[in-house]
Amino acid sequence: DKIEVYRHKNPGACLNSGLTPDEYYRSRSETYVNPHEGAAVELIEFFRGYLVGTVLDLGCGSGLATRVLGQAIGVDRSPEMVARYVRETGCLGVVGDYWDELPKADSAVIVHALHLCPVSRMHDFRWALRSAEVKTLVVVSPLKRVAVDLGLPQVEERIAKLPRGKTVWGWVFHVSV
């Protein structure tokens with residue numbers, strides 16, 4: 001069985017739908033498509049050199065980053081999304097939050113999902129990354145504020161544009177152990 005269940009905590013922040021992330025992804029697990037996919041793929045490809053060794057795909061959803069990279073361990077708070085991730089990528093999936101105990105890894109990527117980690121849990125998220133021995137974190141998001149809230153040393157930044165002018169940011173952060 002490729003799904004492991006780690007501790008699963010409170011539902012966290014609500015989305016514009018009025019649903020908690022758990023409710024949102026449970027109801028849309030089979031149909032969800034990342035609305036920023038083109039820009040996300042461009043940024044993941046650009047930062048690929050930082051994503052070495054064992055990679056965690058945090059907030060993995062259906063596995064966009066894993067499909068670009070070819071291999072990763074998916075982590076998502078939604079058991080339904082983890083089941084889809086495992087089915088579509090063939091890779092190991094773990095049910096858990098960003099601040100839970102994470103599998104050991106060399107690097108991690110999080111695509112359009114860091115905003116689901118409450119600012120009050122960012123310290124716990126940094127601790128979880130360090131405990132998992134992650135050295136490098138790549139973040140892709142249409143929300144520039146998430147980089148400010150992360151509180152890790154930034155190594156590199158890049159911007160990608162979607163056809164309708166939407167900006168998506170990508171950052172590389174050093175996670176000190």
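Owing to the predicted nature of the structure, the values given are computational and were not obtained by experimental measurement.
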**Request:** Using the side chain to side chain contact (heavy atoms under 4.5 Å, CB included) rule, take V109 and F47 through it: C-alpha gap first, then chi angles, then the decisive distance, then the call.
**Result:** CA-CA 10 Å; V109 60; F47 292 131; over 6 Å; no
Heavy-atom closest pair, residues [X] and [Y]:
| X | Y | value |
| --- | --- | --- |
| V111 | A65 | CG2-CB, 4.0 Å |
| V95 | P79 | CG2-CA, 3.8 Å |
| V86 | C91 | CG2-O, 3.5 Å |
| A132 | P103 | CB-O, 3.4 Å |
| A113 | G59 | CB-CA, 4.0 Å |
| Y98 | C117 | CD1-CB, 3.4 Å |

How many angstroms lie between [atom1] in [X] and [atom2] in [Y], if you round to the nearest 0.5 Å?
| X | Y | atom1 | atom2 | answer |
| --- | --- | --- | --- | --- |
| E101 | S131 | CD | OG | 8.0 Å |
| L56 | S107 | CG | OG | 7.5 Å |
| L69 | T89 | CG | OG1 | 11.5 Å |
| M81 | R84 | CE | CZ | 5.0 Å |
| D57 | Y85 | CG | OH | 5.0 Å |
| W99 | H123 | CH2 | NE2 | 14.0 Å |

Contact between [X] and [Y] at the side-chain level, heavy atoms closer than 4.5 Å - yes or no?
| X | Y | result |
| --- | --- | --- |
| I110 | V138 | no |
| D106 | E133 | no |
| W171 | L137 | no |
| I73 | T54 | yes |
| R67 | S62 | yes |
| L129 | L58 | yes |
| K135 | V175 | no |
| C60 | V75 | no |

**Prompt:** Passes side chain to side chain contact (heavy atoms under 4.5 Å, CB included), E156 versus F46? Steps please.
**Reply:** CA-CA 11 Å; E156 191 169 349; F46 183 79; 3.2 Å; yes
**Prompt:** Could you walk me through whether V172 and Q154 pass the side chain to side chain contact (heavy atoms under 4.5 Å, CB included) check?
**Reply:** CA-CA 6 Å; V172 177; Q154 183 178 315; over 6 Å; no
State plainly whether one hydrophobic cluster holds both [X] and [Y], where clusters connect Ile, Leu, Val, Met, Phe, Trp and Tyr through side-chain heavy atoms under 4.5 angstrom apart.
| X | Y | result |
| --- | --- | --- |
| L152 | V119 | no |
| V155 | V55 | yes |
| V52 | Y50 | no |

**Message:** Has R87 got a side-chain atom pairing as donor or acceptor with V82's backbone, closer than 3.5 angstrom?
**Reply:** no
**Item:** Check: D76 side chain, S78 main-chain N or O, donor-acceptor pair, under 3.5 Å
**Value:** yes
**side-chain hydrogen bond (donor to acceptor under 3.5 Å, both in side chains) partners for R158, two or more places apart** = none
**Request:** Quick one: do L51 and T136 satisfy side chain to side chain contact (heavy atoms under 4.5 Å, CB included)? Show the steps, please.
**Result:** CA-CA 7 Å; L51 296 164; T136 306; 5.9 Å; no
